[in-house]
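Computed from heavy atoms alone, side chains included, the values below leave out hydrogens, waters and symmetry copies.
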Amino acid sequence: MADKKNIEVVVEDSWDEKAKEAISTLSAQIEKLQLELKEMKGSEGGAEGGKGKKKKNFKLKTPKGMRDYGPEKMYIRNKVFNTIVECFKLHGAVTIDTPVMELKDVLMGKYGEDSKLIYELADQGGEDLALRYDLTVPFARFVAQNRIKQIKRYHIARVYRRDNPKMDKGRYREFYQCDIDFAGDFGAKMVPDAECVKIVCTILKSLDLGDFLVKVNNRKLLDGIFAVCGVPEEKFRTICSAVDKLDKMSWEAVKKEMTLEKGLDDAVADRIGEFVLDKGGEGRDFTMTSFELVAKLKANEEFMANTLGREGVEEIELLLEFMDVFKVQGNVSFDLSLARGLDYYTGVIYEAILVGQEVGSVAGGGRYDNLVGMFDKKGRTVPCVGVSLGVERLFAIIEEREREVTAENMRTHDTHVLVAAIKEVDEETKETKSTIKDRLALCQMMWAFGISTETAYKPSTNLKSEFKAAEDNHIPIMLIIGPDELKKGVVKVRNTVSREEEEVVREDVPEKVKALLASM
């Protein structure tokens with residue numbers, strides 16, 4: 001057997017690519033053969049009492065930035081998911097699903113500086129693939145591929161980012177996003193944009209997360225600012241990414257990035273600062289309302305002379321008017337520092353934060369009118385706007401808040417009925433009779449009526465233990481049978497909360513249970 005270490009070949013620059021590939025393939029084959037030989041030797045040693053076969057030192061763990069969820073965690077997660085889905089459905093959205101992997105070309109070039117966080121996969125049979133970074137780009141691909149003209153959809157699924165995880169802050173490499181998007185022309189301008197903000201406010205209020213703020217801005221407005229301040233057009237996106245860091249960095253640090261790292265003139269950066277440090281809102285520490293900030297921009301003749309800037313201000317003003325209609329203006333701030341780093345945004349953008357909590361943004365989105373056109377052969381565009389909730393950060397907050405909620409007062413399953421039987425001893429054999437068939441027959445009756453029911457998987461049950469099991473697991477109803485009940489054709493129906501019992505004719509038990517559940 002040749003040894004890979006003994007093969008030393010210097011590949012000159014003049015050699016063609018085929019020669020390099022041949023050597024690379026040969027080296028890989030040698031390495032594979034060596035591994036196979038090593039495994040064969042290990043197997044031979046293992047045939048004699050395991051001698052010669054070393055046990056691999058393997059630590060069981062989840063991959064970095066990913067985690068498992070037990071029943072208690074899933075109880076909380078499902079409550080949050082249900083709250084979000086109910087709100088999405090309340091606004092008339094339908095759901096779709098897309099593959100967890102996309103063609104790499106579909107994802108690349110859509111996320112600006114964040115494209116480096118995309119998980120690229122090894123070639124698997126002729127296609128370059130990557131794990132989806134978000135749900136928005138796959139949705140745009142879905143709309144283009146299926147030639148959809150109008151849809152209001154929601155999608156809840158896992159996404160993946162090769163980020164530096166901070167588990168305690170809800171930042172993971174694998175996490176769920178909950179998106180709702182409006183694709184198509186819905187007639188009234190800015191209504192879908194405003195409805196997205198309304199949906200975020202409704203969900204955050206429903207989850208009782210404390211004070212929150214939805215920041216709004218407009219990419220057109222930002223581009224107008226950059227143009228008026230003298231930023232070269234080719235630097236709009238890179239300067240936009242720098243402005244987006246103002247929620248985490250001081251203006252001095254952001255200005256330094258603009259000038260030293262991105263080559264912007266100091267005077268231009270100072271002019272940008274005169275705009276992007278302004279924000280408006282109600283209460284808190286705002287020095288002006290959102291409408292007063294709109295008025296300030298409209299009073300700037302140089303700025304309003306810029307077409308994009310003027311359009312952006314008009315759209316923001318209309319959005320704020322709809323915020324009044326939806327009665328969420330108290331939780332909305334017009335913030336000129338909000339930029340959102342993704343390249344595909346074309347109009348209104350928004351981002352939700354929890355006031356006084358260091359978890360970063362919990363929702364974000366905006367308008368992306370050109371993204372679908374990137375995937376259409378004829379460049380057919382479909383106007384789109386949407387919002388995504390970063391539920392992992394919401395989970396982190398809710399889990400911390402509900403640490404006092406233990407398994408003792410948390411229902412981790414949906415069982416409503418537990419079937420038990422009184423022990424009966426055979427007079428001749430003195431052995432305990434099996435009641436499993438009688439109990440399973442009752443389970444079958446309940447299942448046929450759509451009532452979630454369980455029983456112990458053993459020949460007979462101890463009634464005292466079953467009472468305790470029902471109470472510990474918060475199962476509200478027990479059905480109890482014994483020799484007398486079987487003879488009379490009745491079942492004891494027990495309310496485990498009040499501990500009241502009532503004999504019910506066997507055929508009437510399902511309706512009795514349904515009535516009890518409805519009254520609880």
Pairing of Lys104 and Glu127 as salt bridge, 4.0 angstrom limit: no
Heavy-atom neighbours of Met108 CE exceed 12 at 6.0 Å: yes
Glu120 with Arg162: basic N within carboxylate O range, under 4.0 Å: no
Other residues, nucleotides, ligands: >12 heavy atoms within 6.0 Å of Lys116 NZ: yes
Side-chain donor-acceptor pair present, Asp181, Tyr368, cut-off under 3.5 Å: yes
Charged N-O contact under 4.0 Å between Asp376 and Arg147: yes
Residue among Val200, Ile353, Leu204 satisfying side chain to side chain contact (heavy atoms under 4.5 Å, CB included) with Phe212: Leu204
Option among Phe182, Tyr154, Phe81 that satisfies the ring pair (Phe, Tyr, Trp, His ring centres under 6.0 Å) test with Phe88: Tyr154
Pair Thr62-Asp68, side-chain donor/acceptor within less than 3.5 Å: no
Under-4.0 Å salt bridge between Lys220 and Glu314: no
Validation row: Ser388, Asp134 side chains within 4.5 angstrom (heavy atoms): no
Check: Asp163/Tyr172 side-chain N/O donor and acceptor closer than 3.5 Å: no
Salt bridge Arg367-Asp193, side-chain N to carboxylate O under 4.0 Å: yes
pair Asp211-Leu354: side-chain heavy atoms closer than 4.5 Å: no
Short N-O contact, Glu392 and Arg77, less than 4.0 angstrom: yes
Side-chain donor-acceptor contact under 3.5 Å, Ser337 with Asp335: yes
Salt bridge Lys255-Asp270, side-chain N to carboxylate O under 4.0 Å: yes
Student check: side-chain heavy atoms of Leu277 and Trp251 closer than 4.5 Å: yes
pair Phe139-Arg153: side-chain heavy atoms closer than 4.5 Å: yes
Salt bridge present between Arg67 and Glu399 (N-O < 4.0 angstrom): yes
Heavy-atom check, side chain of Arg284 versus side chain of Leu213, under 4.5 Å: yes
Phe322 and Met190, any side-chain heavy atoms less than 4.5 Å apart: yes
Non-hydrogen side-chain atoms of Ile148 and Phe142 separated by less than 4.5 Å: yes
